[in-house]
Enquirer: 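Got a structure here, written out as structure tokens. Questions coming.
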Amino acid sequence: MADSLFYIFAFFTVACAVGVVANRNAVNGAMCLMLCLMGIAGLFVLLDAYLLAALLVLVYAGAVVALFLFIVMLLDMQGGVKRPFKKMTAVASLASLGLMLVGVSMLGSRGHLATLPSPAAAAAPVGAVLKNYAELLFTTYLLPVQVMGFLLLIAMLGVIVLSKKFEGMEDIK
Amino acid sequence: MTPDYAGLFSALRPEISLVLGALLVLGLDLTLYRRHSPGGRLQLALWVGSLALLTAGFQVWRAEPGTVFGGVLIIDQLAMASRLGVLGLTLLTFGITQGSPARRQPAEYVAIMLLAASGLLLMAAAQQLLLAFLALELASLSLYVLAGFDRTRPESAEAGLKYFLFGGMAAAFLLFGFSLVYGATGSVELTEIARQIAAQGSNPLLVVGLVMVLVAFGFKVAAAPFHLWAPDVYQGAPAPSAALIASASKLAGFTLFTRLLWPAFGAAAGSATWLNSGAGWFRAVAALAAVSLVLGNVAALAQTSLRRLLAYSAIAHAGALLLGVLAVGSAGPGPLFYYALTYGLATVGAFGVIAVMETAGRCERITDLAGLHRRSPLLAGCLAIFILSLAGIPPLAGFFGKLTVFSAALHAGGIRSPAGGLAVLAIALSAVALYYYLMVLKQALVAGPADGAPPIKVPRAATLALVTAAALIVWFGMNPSALLGLF
């Protein structure tokens, strides 16, 4: 049961991710992104990480994608003109396809995917309970969380620096 | 585990002083110095920033060696030396900033440089995948902003955007690679990863993860074929930003790369000989080094822009540094660190000369250097030292950097091993490099000045930075054991 559910969600997620890239209309792309995140949330639920699943839906599917949609509609972005087909594109896609086939066949012949050890599966699902999750954030992963805060500070500073307007000075567009 | 918050705090004192310094710079600029001229605001920001850097340097010096907070950070010789190197190179960049053309929002520029330095410090000491990724992003995000800072020139915007797009792609690769490594080993701690790899050997998941990590680091250190951003960024970014990207960021990047490859993935290195066909990252890194060496040196021959020439020479030097990474297993991190630091000093100096010349006029093409010895003997003399060090002429530090790295690579497996063959290739390409470096010096030292080119006045702080960098290069060249003896 869990296995087939995993495949359903995984296929759904990948299909939606392809939709994000392939869609010419930005609004449809953002919608696909939201569905993709829903699929990932489903995968998290299968891993017993209920909290992460809820956070993903609330923060990403709820807030971030809504913001995307808002900006896309505000800027009134339409799908650009279809780019002309170039020979280079075909060569590049053929080359990458060939490389990928070589990689997959090498993995298949030389690797031993069947006997893959999965220590992650043996670990207790610490992320399932809010208390464990919070405890980890304040002990083991305290430093990464703090650094994340400074990352946001820099991002904010960068946005201000790069977009502030000055009176009487010409900017390049 | 009982978390040791006090230990974490005391180990992070250098980063904390840098971040406090950045906030102080911004705060003072927004309150007391609000109505001053841009020059005065830059002056104050640089003073406060330098003070923060010196405080951080003092804290790094006094830090106790050992692991911190359950192995998140490690303070060893390499981390300490690399952190001091990053702080020193950032301080020199501050001196150059004083001499470069004036720009808007001077305080923000200095503050972002300080935040970038704090990210680089974390990178040099990180011992956990999560922190390594975040530290790298902390530094990269600041560097993207610094590259696109000059909003009056389209080239700067292009540099910022290109760096950001390529960097975002590399970050995605790194995160994907790290998550696969985590999936294969079940841990984000480097020591635990090393234990798992030694126990279970290589598996496909780990190999794919490793390849992705290599791609991301190849981007970070501008190794071919992931170098495409480097020429445009070096050309378009403001000179001090380019100096920071080329020097301190490379030093910290190589420190982190070494720490990931040898202590963590050391068991997956594969064999260092041609015949034995054990898979591992050793040969992938060797291939990166070979491509970078050839492409960097050959493409640099065709450049007419001084900054693009420096960019391609940076790609070639990245190849030599990757060779140093390969030699870490047998010779320790000493040669790599020596090369990275002295290369950083010479690059900061070269960009410093460009910055000062841009204040006085144009400095885009190599021919714009013509008559520099008449216009400013000081600049010409310093440039000669930097360029000759990059070319690897004794007795300057660049020569001993090359000597130690190449001899370590030859010792690693003999001349018939990949590392030894690469060392021979690198020595041959050094002769090619000499040609384009000497073309630059010919313009600066032999060619006469263009009509009406005025003498160049070098600001005091820039003079101090350039002379310090030149003196350090000469001193480290005369006395290489000062750095090599640390390890």
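Since the model is a prediction, treat every value here as computed from it, not as a measurement. Quick note on labels: first sequence line is chain A, next is B, and so on, each numbered from 1.
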Enquirer: How many angstroms lie between atom CD1 of A/I160 and atom CD of B/E108, to the nearest 0.5 angstrom?
Expert: 8.0 Å
Enquirer: Is any side-chain heavy atom of A/L143 closer than 4.5 Å to one of B/V68?
Expert: no
Enquirer: Quick one: what part of B/Y5 sits under 4.5 Å from any heavy atom of chain A, side chain, backbone, both or neither?
Expert: side chain
Enquirer: Where is the tightest heavy-atom contact between A/V147 and B/A135, given as atom of each residue plus distance?
Expert: CG1-N, 4.5 Å
Enquirer: Just by distance, do the side chain of B/R151 and the backbone of A/V161 share a donor-acceptor pair under 3.5 Å?
Expert: yes
Enquirer: Does any heavy atom of chain A fall under 4.5 Å from the side chain of B/L73, the backbone, both, or neither of them?
Expert: side chain
Enquirer: Answer with side chain, backbone, both or neither: which region of B/Q128 has an atom nearer than 4.5 Å to a non-hydrogen atom of chain A?
Expert: side chain
Enquirer: Please give me the minimum heavy-atom distance between A/T140 and B/V72, naming the atom from each residue.
Expert: O-CG2, 4.1 Å
Enquirer: Side chain, backbone, both or neither: which part of B/V208 has an atom under 4.5 Å from a heavy atom of chain A?
Expert: side chain
Enquirer: Heavy-atom count check: over 12 atoms from other residues, nucleotides or ligands less than 6.0 Å from A/F150 CZ?
Expert: no
Enquirer: Using non-hydrogen atoms and a 4.5 Å limit, figure out which bit of B/L134 sits close to chain A: side chain, backbone, both or neither.
Expert: both
Enquirer: Which region of B/L23, side chain (C-beta onward) or backbone (N, CA, C, O), has a non-hydrogen atom less than 4.5 Å from a non-hydrogen atom of chain A, or is it both or neither?
Expert: side chain
Enquirer: Write down the atom of B/F69, the atom of A/T139, and the distance for their closest heavy-atom approach.
Expert: CE2-O, 2.8 Å
Enquirer: Starting at CG of A/L157, measure out to CD1 of B/I112 and round the result to the nearest 0.5 Å.
Expert: 4.5 Å
Enquirer: Counting only heavy atoms not in B/F164 (residues, nucleotides, ligands), do more than 12 fall under 6.0 Å from its CZ?
Expert: no
Enquirer: To the nearest 0.5 angstrom, please state how far the CG atom of B/L138 sits from the CD1 atom of A/I154.
Expert: 4.0 Å
Enquirer: What's the separation between atom CG in B/L8 and atom CD in A/Q146, rounded to the nearest 0.5 Å?
Expert: 8.5 Å
